[in-house]
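The block underneath contains the structure these notes are about, expressed in structure tokens.
As the structure lists them, so they are numbered: ligands from 1, and atoms in each ligand from 1. Computation of the quantities below employed the complete heavy-atom set of this structure, encompassing side-chain atoms and omitting hydrogens, waters and symmetry-equivalent molecules.
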Amino acid sequence: MDIRKGLKKKKRIVIKIGSSSLVHKETGRLDLTKLEILVREVSDLHNQGKDIVLVSSGAISVGKAAMGIEKLSSLKQKQACAAIGQVKLMMIYQKLFSEYGQTAAQILMTKETMTEAESRYNALNTFEELFELGAIPIVNENDTVATYDIEFGDNDRLSAVVVALIRADLLILMSDIDGLYTDDPHQNPKAEFIAEVNSLDDHFKNMAKDSTGSRFGTGGMATKLLAAEIATQAGADMIIANADDFHIIHRLIGGRNYGTLFKANPKEEFYLVDYLEKM
Ligand code: GLU
């Protein structure tokens, strides 16, 4: 069957939204119109009987904007901004989700949550119970306690790790770019768009530049390809799609050709903890 047409049947979907897709560029404050569309799209997928996880960035951006901070001056200031912004973000999510009859739940994690067997097991149980209860988990890195050695650092990787943990069958990375190009399209007008990646070999990995062009996010194309490696080996398809218009979510699930699709390439010997240790 055409892989795009098969996306309708996905049962467990993780959708990752970066900060730059949630805030107004000029002010760093939340783009409420976009958020409303996102929440409606996610609610509708949930109403179709799918388990949905939202991995949402934005805590630090929202906290900075709320406190009128232009540029972060220390780790503790960043962590304080995350503490302020995370709760503001969740208040808005909970309000919008409740308008569509949904219940949002917050899960904050660090790399340690995943490398320690006991907390990994607890996290998985919590996800499963939330699905059972019909809630929509919203995940972010626990930025208030994460320091360099225990952080994922970006939510691209975090979302792929969540996919592997809960055995999701699709990861959608909503980004500020249409998908994967042969080169950086902002700098090279001849860069060509790649609609499908069957197997993620070095040829594709070399196309990723370690830059994002975004003032707000942390993940560039390189982290997206690392996420693709984890998600596809764990047995999920992955799509990178443009977050300009969140209506793209139902169009993608409806089988339309947007974004770059990375085909699942399940590896029997895939072991999540090995990957985490390499990060
Ligand atoms: N966890 C960070 C935040 O919520 C963002 C990380 C990312 O954008 O990849 O602000």
| query | What atoms in ligand 1 come closer than 4.0 Å to a heavy atom of Ile60? | reply | 3 (C), 10 (O)

| Which is it for Lys16 and Asp156 under the salt bridge (Lys or Arg N to Asp or Glu O under 4.0 Å) test, yes or no, and what are the steps along the way? | CA-CA 7 Å; Lys16 182 259 170 179; Asp156 292 331; 2.9 Å; yes

| query | ligand 1 and Asp143, any nitrogen or oxygen pair closer than 3.5 angstrom? | reply | yes

| In the single-linkage hydrophobic clustering (I, L, V, M, F, W, Y; side-chain heavy atoms under 4.5 Å), do Leu32 and Ile138 co-cluster? | yes

| request: Taking only heavy atoms of Asp154 into account, list the atoms of ligand 1 that are under 4.0 Å away from them. | output: 9 (O)

| Does CZ in Phe193 sit with more than 12 non-hydrogen atoms of other residues, nucleotides or ligands closer than 6.0 Å? | yes

| query | Is there any N or O on Glu141 that sits under 3.5 Å from an N or O of ligand 1? | reply | no

| query | Should Gly18 be listed as contacting ligand 1, given a heavy-atom distance under 4.0 Å as the test? | reply | no

| field | Polar contact flag, side-chain donor to acceptor under 3.5 angstrom, Ser57-Asn155 | value | yes

| query | Heavy-atom count around Glu128 CD within 6.0 Å, excluding the residue itself: above 12? | reply | yes

| field | Nitrogen or oxygen atoms of Ser57 and ligand 1 under 3.5 Å apart | value | yes

| said: Pairs of nitrogen or oxygen atoms closer than 3.5 Å, one from Asn140 and one from ligand 1: do any exist? | reply: yes

| Distance-minimising heavy-atom pair for Thr113 and Ala123 | CG2-CB, 4.3 Å

